[in-house]
Participant: 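To start, I am sharing the structure in question, which I have written as structure tokens.
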Amino acid sequence: MAEYLIKNGFVFDPVLGINGDKADIAVKDGKIVESTALSNPQVIDAAGKTVMAAGVDIHAHVAGPKVNVGRNFRPEDKLFNCEAGKGVRRMAGGFSVPTVFRTGYLYARMGYGTVMEAAMPPLYARHTHEEMRDTPILDQGAYPVFGNNWFVLEYLKNNEMENVEAYISWLLRTTRGYAIKIVNPGGTEAWGWGLNCNSIHDPVPYFDITPAQIMKGLMDANEALRLPHSIHIHTNNLGNPGNFETTLETFKLFEGAKPNNDFGRKQVMHHTHVQFHSYGGDSWANVESKADEIMNYVNSHDNMTMDLGCVTLDETTTMTADGPFEHHLTELNHLKWANTDVELETAAGVVPYVYSPNIKVCGIQWAIGLELALMAKDPMRVFITTDHPNAGPFFRYPRVMKWLMSQKAREAQMDSLKWAEKVRGATFLSGLDRELTLYEIAAMTRAGTAQALGLADMYGSLKPGLQGDVAVYDYNPETAEDPELIEKAFSNAAYLLKGGEVVVKDGEIVSNGNKKTLWVDAKVNDNPQVRRDITEKFLRYYTVTEANYEVNEKVFMKNPYRIEVDATQ
């Protein structure tokens, strides 16, 4: 494999504490190495450019059944943006729900190398893996959803924690999943009865346990299993005025809990797309930002991480396993929608949406996402996302970076809003003069996300021994003044090396790489009761048999990468 020496760039690496110093980065045999290990490298001149580890996205919806539903029922999403195949590139198209090829290409052009699919219905794991297999360049993994799973609800109701752990171990192995995802715990199951759980203390019909018990029980199981990532939560009451109180109650469930793992993970809970969970007021007429109260809590509790869910003011396609929310949303905007119930496991909905700058609430949502980042004291625990595609497409990350790095840019956007003064009155954004640095951006998009995923020994830094994933941007931090240069540079990497191979050069895809699919194999002691329960449930309730359920690595996965955990002791 080729050797590369990336010379004389401005390097930003929070893991190594390098903050814009000029340095050389060496890559050999797919790994970062000391420059003295090279014998005859190809030289990449990075003078006047920014160099970081490749990006790691902790939360996006890029593959699987609900993404495909979005593609199917929104053909208009592909208008005006299809690209013909060229060179190594396949034909690609789509805006808010791009094809898998466009997904891989756009992430790579942004300098990202790893993207996690944030919600995988176990019954559709094969389809999810098929789409990830076909996505070029990116290393990927997927989080199976557990928060409305009948096995989990029954075991927790009966306080059978060993069974919860054995079932999680079985499901991760069977679906080749990466982490425990929780979406509207109990609420999606309640929706089958025409109800919801709008607080974490509402009882789930039939199972008679609460969302708080579900989340706490799954956190205990996660730590007992010593998994690389923490539980990954989308809590109850998403998107409703006044929901910040539900969010804070969720945070407080985990006070005093400590992580238990060998992967360098420091948190017991990751809360996702917090922008959608930070609303004050009691109606859409008086909705207001509560980003200050949310971040006061996050800043003072280091056993949790979060991502933003920034609104990008685009037309998009919302989709989530929070079926009740999607039904609520379609009643608000009266656009078409689709819904799927996934047997004993979860449900999902899909609804188009327009975050219009002419609507006051959309402006408030846009401001809250940025406030959360600007109020963060530890960028290693607060991560940039758009909850793609829910708050906007992922390829707006460079635009979000521009707003976060430039007060001038966000004030210009604020002034363009139809209800700018009302947005200013309901939010804190205009009073925040902080401008994030490239060092903080590297933490929020690379170093922090890799650490939270338990993958800091592979990604997120330029430390020797890590995977050779390096992004070079044509952005000179010493001379660049126009904030538009931030968005331009981070949308079109000058180079992306993935696994030691150049896959992007001058913003163009030059290789489809050799991606990996990450999954976690957590070994537990044999549990005959859980094996018997699984067999019985499949016979009684599932439309497929156990034999039709398991993900075969050779058939469905591209370069499977197994992370082993031994929880038998």
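Hydrogens, waters and symmetry mates are skipped; everything else that's a heavy atom, side chains included, is used. Note that the coordinates shown come from a computational prediction; the quantities given were computed from them, not determined experimentally.
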Participant: Look up atom CD1 in Ile182 and atom CE in Met215, then write down how far apart they are to the nearest 0.5 Å.
Facilitator: 7.0 Å

Participant: Ignoring hydrogens and angles, tell me if any N or O in the side chain of Glu117 forms a donor-acceptor pair with the backbone of Val62 under 3.5 Å.
Facilitator: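 Yes; judged by distance alone, with no hydrogens or angles, the pair exists.
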
Participant: Does any non-hydrogen side-chain atom of Leu308 lie less than 4.5 Å from one of Gln275?
Facilitator: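 Counting from C-beta outward, Gln275 and Leu308 never come under 4.5 Å.
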
Participant: Could you check if a side-chain atom of Trp403 sits within less than 4.5 angstrom of a side-chain atom of Glu435, using non-hydrogen atoms only?
Facilitator: no

Participant: With a distance cut-off below 6.0 Å to the six-membered ring centre and an angular limit of 45° from the axis, does Arg446 pair with Tyr112 as a cation-pi contact?
Facilitator: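 Positive - Arg446 is close enough to the ring of Tyr112 and near enough to its axis.
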
Participant: Measuring from Lys181:NZ to His270:NE2, what's the distance to the nearest 0.5 Å?
Facilitator: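 Interatomic distance, Lys181 NZ to His270 NE2, rounded to 0.5 Å: 9.0 Å.
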
Participant: Nearest 0.5 Å, please: how far is CG in Leu156 from CD1 in Ile214?
Facilitator: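 Reported to 0.5 Å precision, the distance equals 7.0 Å.
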
Participant: Are any of the side-chain nitrogens in Glu440 or Arg434 under 4.0 Å away from the carboxylate oxygens of its partner?
Facilitator: yes

Participant: Donor-acceptor check, side chain of Asn148 to backbone of Thr188, threshold 3.5 angstrom: yes or no?
Facilitator: yes

Participant: Report yes if the side chains of Ser491 and Arg109 come closer than 4.5 Å at any heavy-atom pair, otherwise no.
Facilitator: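 SC-SC contact between Ser491 and Arg109 ruled out.
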
Participant: Looking at side-chain heavy atoms only, is the closest gap between Phe394 and Thr312 below 4.5 Å?
Facilitator: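 Side chain of Phe394 against side chain of Thr312, heavy atoms only: no contact under 4.5 Å found.
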
Participant: Only one of Asn236, Thr235, Asn237 forms a side chain to side chain donor-acceptor pair (under 3.5 Å) with Thr250, so which one is it?
Facilitator: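 Running side chain to side chain donor-acceptor pair (under 3.5 Å) over Asn236, Thr235, Asn237 with Thr250 returns exactly one hit, Thr235.
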
Participant: If the condition is salt bridge (Lys or Arg N to Asp or Glu O under 4.0 Å), which residues does Asp322 pass it with, not counting sequence neighbours?
Facilitator: none

Participant: Hey, could you give me the CG/CD1 distance between Asp202 and Ile209, rounded to the nearest 0.5 Å?
Facilitator: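 Here the rounded value is 13.0 Å.
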
Participant: Can we call the ring centroids of His232 and His271 under 6.0 Å apart?
Facilitator: no

Participant: Would you kindly say whether Thr272 and His59 are connected by a side-chain donor-acceptor distance under 3.5 Å?
Facilitator: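 His59 and Thr272 do have a side-chain donor-acceptor pair below 3.5 Å.
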
Participant: Measure from the ring center of Tyr397 to the ring center of His388 and say whether it is less than 6.0 Å.
Facilitator: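 Distance test on ring centres: not under 6.0 Å, no.
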
Participant: Can you confirm if the aromatic rings of Phe12 and Tyr473 lie within a centre distance of less than 6.0 Å?
Facilitator: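 Tyr473 vs Phe12: aromatic centres not under 6.0 Å.
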
Participant: Does a side-chain heavy-atom distance below 4.5 Å link Pro393 with Thr386?
Facilitator: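 A side-chain contact under 4.5 Å is absent here.
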
Participant: Just wondering, do Met414 and Trp366 contact through their side chains at under 4.5 Å, heavy atoms?
Facilitator: yes

Participant: Quick one, Glu293 and Tyr297 - any side-chain contact, counting heavy atoms below 4.5 Å?
Facilitator: no

Participant: Ignoring hydrogens and geometry, is there a side-chain-to-backbone donor-acceptor pair from Asn299 to Met375 under 3.5 Å?
Facilitator: yes

Participant: Please determine whether side chain to side chain contact (heavy atoms under 4.5 Å, CB included) holds for the pair Leu335 and Tyr353, giving the CA-CA distance in whole Å, both sets of side-chain angles, and the decisive distance to 0.1 Å.
Facilitator: CA-CA 8 Å; Leu335 298 177; Tyr353 200 80; 5.9 Å; no

Participant: Would you confirm whether Arg381, through its side chain, and Val298, through its main-chain N or O, come within 3.5 Å as a donor-acceptor pair?
Facilitator: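 Side chain of Arg381 to backbone of Val298, a donor-acceptor pair under 3.5 Å: yes, one is there.
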
Participant: Please confirm whether the backbone N or O of Gly242 pairs with a side-chain atom of Lys290, one donor and one acceptor, at under 3.5 Å?
Facilitator: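 Judged by distance alone, no pair lies under 3.5 Å.
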
